[in-house]
2 protein chains.
Amino acid sequence: MNNDLKIANSITPEPIAKIAETLGIPDDVLLPYGKNIAKVELSYLEQLEKSKQPGRLILVTAINPTPAGEGKTTVSIGLADGLARSGRKTCLALREPSLGPVFGIKGGATGGGYAQAIPMEDINLHFTGDIHAITTANNLLCAMIDNHIYHGNLLRLDIKSITFKRCMDMNDRALRNIVCGLGERTDGIPRQDGFDISAASEIMAVLCLASGLDDLRRRLDRITIGYNLDGEPVFAKDIGAGGAMAVILKEAIKPNLVQTLEHTPIFMHGGPFANIAHGCNSIIATRMANHLADYTVTEAGFGADLGAEKFLDIKCRAADLWPDAVVLVATARALKYHGGVPRESLTEENVEALAKGAANLRRHIDTLKNIYGLPVVVAVNRFLSDTDAELEEICRQAHSAGVKAVICDVWAKGGEGALELADAVVDSMLTHSSPSHPYDYAAPLMQKITDVATRIYGAERVDFSKAALRKLQMYEAQGYSNLPICIAKTQYSFSDDPKKLGAPEAFVMEVRDVTLNSGAGFIVALCGTIMRMPGLPKRPAAEAIGFDEAGEIVGLF
Amino acid sequence: MNNDLKIANSITPEPIAKIAETLGIPDDVLLPYGKNIAKVELSYLEQLEKSKQPGRLILVTAINPTPAGEGKTTVSIGLADGLARSGRKTCLALREPSLGPVFGIKGGATGGGYAQAIPMEDINLHFTGDIHAITTANNLLCAMIDNHIYHGNLLRLDIKSITFKRCMDMNDRALRNIVCGLGERTDGIPRQDGFDISAASEIMAVLCLASGLDDLRRRLDRITIGYNLDGEPVFAKDIGAGGAMAVILKEAIKPNLVQTLEHTPIFMHGGPFANIAHGCNSIIATRMANHLADYTVTEAGFGADLGAEKFLDIKCRAADLWPDAVVLVATARALKYHGGVPRESLTEENVEALAKGAANLRRHIDTLKNIYGLPVVVAVNRFLSDTDAELEEICRQAHSAGVKAVICDVWAKGGEGALELADAVVDSMLTHSSPSHPYDYAAPLMQKITDVATRIYGAERVDFSKAALRKLQMYEAQGYSNLPICIAKTQYSFSDDPKKLGAPEAFVMEVRDVTLNSGAGFIVALCGTIMRMPGLPKRPAAEAIGFDEAGEIVGLF
């Protein structure tokens, strides 16, 4: 079988200037990065918003992911190619990959088969450096905090209450918990600290939620870095870091343009994870795509409980966006896994287990239809081992939940494999839909967390640790009660226990801690043992990455 | 007075494709990064080396730097512009700036006044991401080392003897000494570690000394990461990181093309510091410039004792290069400082102090002429406060040391201010010069260190710590006795004591430790309290960096 990198390299990309031309982007706002990648000037978005109405927005989400892989990005790309093939002016808005998973377990994060974003190796490596800029802005703030403490600590920062951590775009468990500032007197003041992966940095969320450079600066300034000895919050602004951080991010805030293998344009920009962060590409990229194309396909991370919830409740609210339709990706293999089939038996037909596991699919459909009021189409991403009986059962399950399911075959066929899906999605769109949310933004923070857990996850109730309760009270006293919430939990289950597959009921969610992202503008609730810095597996993907004798990259797939 | 950023922004750069055209670089090997920056494909260097003879190479170095600033980069750029103005096909090869000093004390690192590299704000910020790639490759290796230990430590690494450290492109003293791997059992194995600034990473040196992608891979593989419990060296290759690191560096190894304010082409590539590393731009950039232009101006970091020595003894030997002339930059202010004038009185005329401080200049001239056998021209970089008597004294001092001195005024006049210097440098060139070094590469490591210290620094003798002696013996036993040495010491003095200005005599150098860079291919001798990770000052430059109300960057100067 062909691997993804080979397929990607078998197709000659269009020059990026030509892709830009198909969208009507003038040459003077296009900043090329090599032959096949470009950034677009922010000023162009302002022009567009004054002169053009936005097109239709399609959100691609999925059932809870499984080790089998569902191919959500592959379906997003295939769907966009399908829309484009059927004569619709289409654009994608996607997240950019983090290097951590590339060297860890995952290989690339740019779709697969004949539904890929290219140039895949550059996108999966440094791309245009956005994540490096985020890492640098984050770590400049940290260096300035420790420098402030070292040079006399005029702000009287309590070194035990500094909440803003360092970050790195790497899977490196050894950096989760460190003591820094050791050594001689001139080597700083020792304190406990740690690194998050850059995708989990508040700076990443700030960049993705900023409407422009001024808003970016305001958000950077208002990041809470910790507390002083009187227990009062201290902000990035107090450290004097906001201006330099904004300057560091001046190119990173411009959206990146690439293409699919079928030359459909993609704005790929920003990459927060959806389990530990808010999980969608930048508002700027979505808006630019939405103003340039008639149909914009965008994706939210992991399952609909995490990614779609945050897309709808955090991003859409901040950006005044609302999708016209939702595509919910499911696979026979993943539903069998949710139905209790072990990983090694997923290629064997098992309609009964699939029907049982479809409870996961039905709960996501229910949420999207009945809580958010959105039209839903189930996209069944076909794999070689799927049987007709299994595929029919998925369609039957979707129909019984009141929505249409369409089988697509985008890995093998690209956009050709998603023509029916494209039509079904367009047909599903209402003439008008208005935002509806699972919680009232004016409700107390505890209530909002409870609403998401009970209404979307199906929890019976939520238990809050004492520390979480105390901090939620403090945030409300500080005036943050109107913020949306961002739940950090496992992606594998509706619950906070990755082993509870399917559609678990009568479980209790535990919020063990909460943190304030006053720059990004949300409260993070940490449930279960979710890591903000992944580790590498025993055999990291990096071991297989290299050049072959012909100088071609191997091991990125 | 105009600041540098304002001057830089007052001149419209030529499109980078046009700059490439003046050098004859075909469009298909040019990779644009925005409108004014490009990378050039490595394959083009191979073509050039087969088809063209290299031009003349001019090394710009300086007396020992002082807090007054000597303007070595400014003179390098002005000299190149002067050569170009006088009709000579000229190119620069320079280092790219580290972000650490930009946010620390220095502001930009791209020359000044009318002798600058542009686009200065992009070059001083992320440029083309080379240093981020180096940081990432470095830290992937570290993550893989700790991951190897965590997953059973099959190589039996002695965690107390791991020599390869993490890095970050930041001035952050709090990261000099850390304990990582704290927390739960799943958070790794605790050990002492620390971060160097990326400019000091061995990966930076490897990139700068590599002749191409294959050589890069070989050098990465052979990096010593530490020792096993039997005391045997363990290499990056054993950890399986070499291939992924090479892939991470695949774009970073391509040289960057920018221009001066007068549109002279610059290859700006690689940026090791000269006090803690080998201090010159990449071999690839120098070679490419040298094959494209008739005259290539390149710069070595800090004073000639550090930068020029390493350029000549490490880089030239590795690259089979040798300069045709050396320009030694001096200023009246700096020589007065070396003569004992305090910083606050440097603008007052003091010919006597200047004559005393000129001992520093004379010792550098002596080294370059008599040890390396190179033609030397002293470039006196004029400042507003300089008096005619002072400038005459510098010229007199140079003449008495047997070389010509030329006053140049490049900050205010650009290339126009270096026309006489350009002619003098070209006139100084011999028809043929062959390499000559201060030590015999076949000599024992201790002897080579002693030769540099006594012959170039003027030390009476060298004391080695017991640890240094033991390690030097070990390196020789391991077969590294043929490596050149790279002395890490203060830039402010010929000695290892930054307070010993002028031309100190009868001092004893102390080598307190040595380290092996088996990938880069040199032995580092650490003298004095030289830091491999700088700190921020009490008022970091970052505090003043930001956007003004018109959206223009301020504070980068």
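Fair warning: this is a prediction, and the values are worked out from it, not measured in the lab. Numbered from 1 within each chain, the chains take letters A, B, ... in sequence-line order.
In terms of heavy-atom pairs under 4.5 Å with chain A, the best-connected choice from B:Gly551, B:Ala542, B:Gly183, B:Cys142 is B:Ala542. In terms of non-hydrogen atom pairs under 4.5 Å with chain A, the most contact-rich of B:Gly243, B:Pro32, B:Gly240 is B:Pro32. Across A:Leu31, A:Asp172, A:Leu125, the residue that shares the most heavy-atom pairs under 4.5 angstrom with chain B is A:Asp172. The choice from B:Arg176, B:Arg191, B:Glu184 that makes the most heavy-atom pairs within less than 4.5 Å of chain A is B:Arg176. Heavy-atom pairs under 4.5 Å with chain A were tallied for B:Asp169, B:Val179, B:Leu99; the largest tally goes to B:Val179. With chain B as partner, the option from A:Ala38, A:Gly546, A:Gly188, A:Ala244 having the largest number of non-hydrogen pairs under 4.5 angstrom is A:Ala244. Between chain B and the options A:Gly535, A:Gly100, A:Gly129, A:Ala246, the largest number of non-hydrogen pairs under 4.5 Å is found for A:Ala246.
Residue contact with chain A, scored on non-hydrogen atoms closer than 4.5 Å, is absent for B:Asp130. Contacts between A:Pro190 and chain B at a heavy-atom distance below 4.5 Å are absent for every atom of the residue. Residue contact with chain A, scored on non-hydrogen atoms closer than 4.5 Å, is absent for B:Ala241. Using a 4.5 Å cut-off between heavy atoms, B:Thr135 does not touch chain A at all. For a residue to count as touching a neighbouring chain, one of its non-hydrogen atoms must lie under 4.5 Å from one of that chain's; by this rule B:Ile553 touches chain A with the side chain only. Using a 4.5 Å cut-off between heavy atoms, A:Asp548 does not touch chain B at all. B:Met533 does not touch chain A: none of its heavy atoms, backbone or side chain, sits under 4.5 Å away. If you measure heavy-atom distances from B:Asn171 to chain A, the contacts under 4.5 Å come from the backbone alone. Only the backbone of A:Ile239 comes within contact range of chain B, judged by heavy atoms closer than 4.5 Å.
When all heavy atoms of B:Cys180 and A:Ala174 are compared, the closest pair comes out as CB-O, 3.1 Å. Of all the heavy atoms in B:Asn139 and A:Met168, the pair that sits closest is ND2-CE, 3.2 Å. Nearest heavy atom pair, residue A:Met170 against residue B:Thr136, reads CE-O, 3.4 Å. Summarising the geometry of A:Leu182 relative to B:Ile178, their closest heavy-atom pair is CD1-C, 3.9 Å, with the distance given to 0.1 Å. Nearest heavy atom pair, residue B:Pro540 against residue A:Met144, reads CG-CE, 4.4 Å. Of all non-hydrogen atoms in A:Asn147 and B:Leu536, the two that sit nearest each other are OD1-O, 2.9 Å.
The environment of NZ in A:Lys35 is crowded: more than 12 heavy-atom neighbours from other residues, nucleotides or ligands sit within 6.0 Å. By the neighbour-count criterion of 12 heavy atoms within 6.0 Å, atom CD of B:Glu41 is densely surrounded, having more than that number from other residues, nucleotides or ligands.
Here B:Phe127 contributes atom CZ and A:Glu251 contributes atom CD; the two are 13.0 Å apart, rounded to the nearest 0.5 Å. Separation of atoms CD (B:Glu543) and NE2 (A:His148) is listed at 9.5 Å; rounding is to 0.5 Å.
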Checklist entry - How far apart are the C-alpha atoms of A:Met531 and B:Thr186, what are their side-chain angles, what is the distance that settles it, and do they pass the side chain to side chain contact (heavy atoms under 4.5 Å, CB included) test? => result CA-CA 11 Å; A:Met531 292 288 175; B:Thr186 52; 4.3 Å; yes
Checklist entry - When you look at A:His126 and B:Ile248, which way does the side chain to side chain contact (heavy atoms under 4.5 Å, CB included) test go after all the steps? => result CA-CA 8 Å; A:His126 308 284; B:Ile248 290 173; 3.4 Å; yes
Item to check | Steps toward side chain to side chain contact (heavy atoms under 4.5 Å, CB included) verdict (A:Leu175, B:Arg166) | outcome: CA-CA 10 Å; A:Leu175 292 179; B:Arg166 288 177 166 84; 3.7 Å; yes
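The residues B:Asp122 and A:Lys250 are annotated as salt-bridged, a charged nitrogen and a carboxylate oxygen being separated by less than 4.0 angstrom.
Here the rule is side-chain contact (heavy atoms from CB on, under 4.5 Å) with B:Phe547, and of A:Asp214, A:Leu216, A:Leu213 only A:Leu213 fits it.
The aromatic rings of B:Tyr33 and A:Tyr33 sit tilted, their planes meeting at an angle between 30° and 60°.
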